[in-house]
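We name chains A, B, ... by the order of the sequence lines, and we start the count at 1 in each one. Only heavy atoms go into these numbers, but all of them, side chains included; no hydrogens, no water, no symmetry mates.
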Amino acid sequence: MISSLESERLDKGFYMKDAVSVAKNLLGKYLIKNTDKGFIGGMIVETEAYMGPQDDAAHSYNLRKTKRNEAMYEEGGAAYVYFIYGMHYCLNIVTNKRDIPQAVLIRAIEPRFGIDIMLKNRNTDLINLTNGPAKLCGALNIDLSYNKVSLLSDRLFITQGEEIKGDVTSTKRINIEYAKGYKDKPWRFIVKNSKFLSK
DNA sequence: TTAACGATGAGC
DNA sequence: CTCATCGTTAAG
């Protein structure tokens with residue numbers, strides 16, 4: 001029942017762990033945005049963990065800190081939104097303690113709430129609505145104004161969600177060919193039987 | 001100041 | 001496979 005969604009919000013403790021743990025635990029949870037037309041969002045089915053200083057695929061590799069990625073240094077439970085390829089936004093969930101710059105990239109969700117609104121935000125069909133990190137940001141209308149927003153807030157939050165049906169698997173992360181030592185780490189997590197995984 | 005590039009998506 | 005498209009980054 002949608003009106004009870006906010007009371008099922010995950011608490012701070014959920015986010016105060018390493019990014020790999022949180023990335024696994026996020027599968028099956030609901031990512032919800034509060035709009036003036038109601039709640040929109042869906043069930044998380046694909047995530048990627050970025051583990052910070054040692055992870056040469058991460059924006060925070062070697063403790064790199066810039067205007068773009070400073071949200072990664074926040075305490076767990078904040079959003080990290082970045083602009084990429086001159087036209088797309090991607091949403092991450094910051095994890096772990098302040099100044100341990102880890103995050104989980106949300107790569108795909110299954111549409112559940114406000115599907116009509118999301119379809120209007122992106123001109124496409126249901127199957128291609130949220131099956132990619134920039135696609136789901138388009139569907140949810142998430143841009144840089146959501147950078148550093150707390151997921152314990154009313155604007156954007158994550159709830160307990162559903163029991164996962166079927167298997168959970170891990171694979172290599174996508175599009176990090178520039179990485180070296182950590183390129184093949186199995187830190188992409190998916191709900192295997194979902195029809196809404198990224199392409 | 002500048003040049004190269006990117007945690008993507010769409011089209012062919 | 002190609003390319004759109006431009007802010008961010010690190011080098012100069």
Side-chain angles (χ1 to χ4, degrees), chain A residues 15 18-27 31 42 44-74 76 78-96 100-111 118-149 151 156 158 169-191 194-199:
Chain A
Y15 304 101
D18 67 278
V20 169
S21 302
V22 176
K24 278 184 221 167
N25 292 339
L26 277 172
L27 297 178
L31 172 66
I44 298 170
V45 293
E46 177 174 344
T47 60
E48 275 179 1
Y50 287 86
M51 286 292 277
Q54 304 79 248
D55 181 359
D56 57 8
H59 291 165
S60 54
Y61 175 52
N62 211 10
L63 287 178
R64 179 172 22 163
K65 189 175 187 180
T66 64
K67 191 72 183 161
R68 175 178 69 158
N69 76 347
E70 62 185 14
M72 292 186 79
Y73 290 77
E74 301 270 307
Y80 165 39
V81 181
Y82 64 85
F83 185 64
I84 190 67
Y85 295 119
M87 59 188 111
H88 301 301
Y89 298 99
C90 291
L91 170 68
N92 293 255
I93 310 303
V94 176
T95 78
N96 222 321
I100 299 181
Q102 305 182 340
V104 176
L105 174 66
I106 308 298
R107 290 194 54 90
I109 67 176
E110 291 195 4
M118 294 195 286
L119 283 169
K120 254 179 247 173
N121 288 342
R122 262 171 60 72
N123 195 21
T124 184
D125 56 346
L126 184 65
I127 200 71
N128 288 298
L129 184 56
T130 55
N131 61 342
K135 292 181 185 179
L136 71 89
C137 281
L140 292 173
N141 234 306
I142 288 175
D143 58 20
L144 284 186
S145 69
Y146 283 82
N147 193 33
K148 296 185 181 176
V149 166
L151 295 164
L156 185 68
I158 298 177
T169 326
S170 64
T171 76
K172 295 192 236 183
R173 293 172 291 178
I174 309 289
N175 283 334
I176 52 161
E177 285 313 302
Y178 55 87
K180 296 187 166 68
Y182 279 53
K183 176 159 50 89
D184 297 326
K185 291 282 182 191
W187 289 346
R188 169 176 176 253
F189 299 95
I190 58 175
V191 175
S194 174
K195 296 175 177 58
F196 295 89
L197 300 177
S198 68
K199 295 271 170 8

Sugar-phosphate only, base, or nothing, as touched by A:Arg122 at under 4.0 Å among non-hydrogen atoms = sugar-phosphate
key: N or O in side chain of A:Asn175 less than 4.0 angstrom from B:dA7 OP1/OP2   = no
ask   = Could you state the CZ-P distance from A:Arg68 to B:dC5, rounded to the nearest angstrom?
value = 15 Å
query = Over how many whole Å does the gap from A:His59 atom NE2 to B:dT8 atom C1' extend?
reply = 12 Å
note = By the Watson-Crick or G-U definition, both distances under 3.5 Å, B:dA3 is matched with C:dT9
task = Provide the closest heavy-atom pair for A:Leu129 versus A:Arg122 in the form atom of the first, atom of the second, distance.
result = O-NE, 3.1 Å
Nearest-Å distance for atom pair CD/P, residues A:Glu48 and B:dA7 = 11 Å
query = Of all of residues 124-132 of chain A, which get a heavy atom below 4.0 angstrom from DNA chain C, listed by number?
reply = none
message = How many whole angstroms separate atom CD of A:Gln102 from atom C1' of B:dA7?
response = 16 Å
message = Between A:Tyr80 and B:dA7, is there a contact of a side-chain N or O with OP1 or OP2 at under 4.0 Å?
response = no
Side-chain N,O (A:Arg107) to OP1/OP2 (B:dA7) below 4.0 Å = no
message = Need one value for A:Lys135: base, sugar-phosphate or nothing, where a base atom within 4.0 Å counts as base even if backbone is also close, heavy atoms only.
response = sugar-phosphate
ask   = Name the one of A:Arg173, A:Lys185, A:Gln102 that satisfies side chain to side chain donor-acceptor pair (under 3.5 Å) with A:Asp55?
value = A:Arg173
inquiry  = Considering every strand and a 4.0 Å limit on heavy-atom distances, what is the contact class for A:Arg173: base, sugar-phosphate, or nothing?
reply    = nothing
request  = If the plane angle is over 60° it's perpendicular, under 30° parallel, otherwise tilted; pick one for A:His59 and A:Tyr80.
outcome  = perpendicular
key: Over all atoms of both residues, closest heavy-atom pair of A:Gln54 and A:Tyr182   = O-CE1, 3.4 Å
query = Touch check for A:Phe83, heavy atoms < 4.0 angstrom, all strands: base, sugar-phosphate only, or nothing?
reply = sugar-phosphate
Interatomic distance, A:Asp143 CG vs B:dT8 P [rounded to whole Å] = 19 Å
ask   = Is there a donor and acceptor pair closer than 3.5 Å between the side chain of A:Tyr82 and the base of B:dA7?
value = yes
request  = Mind listing the closest non-hydrogen atom pair of A:Met118 and A:Pro111 along with its distance?
outcome  = CE-CB, 3.9 Å
task = Report the nucleotide, chosen from B:dG6, C:dT8, C:dT5, that has the shortest atom-to-atom distance to any side-chain atom of A:Met87.
result = C:dT5
remark   = When rounded to whole Å, the CG to P distance for the pair A:Asn92 and B:dA7 reads 11 Å
task = Look at the side-chain N and O atoms of A:Arg64 and state whether any lies under 4.0 Å from the OP1 or OP2 oxygen of C:dA10.
result = yes
ask   = Stacking check: are the rings of A:Tyr50 and B:dA7 less than 5.5 Å apart at their centres and under 30 degrees in tilt?
value = yes
ask   = Starting at OH of A:Tyr85 and ending at P of B:dT8, how long is that distance when rounded to a whole Å?
value = 5 Å
note = note: A:Tyr61, atom OH; B:dA7, atom P; distance rounded to Å ~ 15 Å
query = If you find the nucleotide of DNA chain C closest to A:Leu144 and the one closest to A:His88, which residue's nucleotide is nearer the 5' end?
reply = A:His88
inquiry  = Taking the P atom in each of B:dC5 and C:dT2, what is the distance between them to the nearest angstrom?
reply    = 16 Å
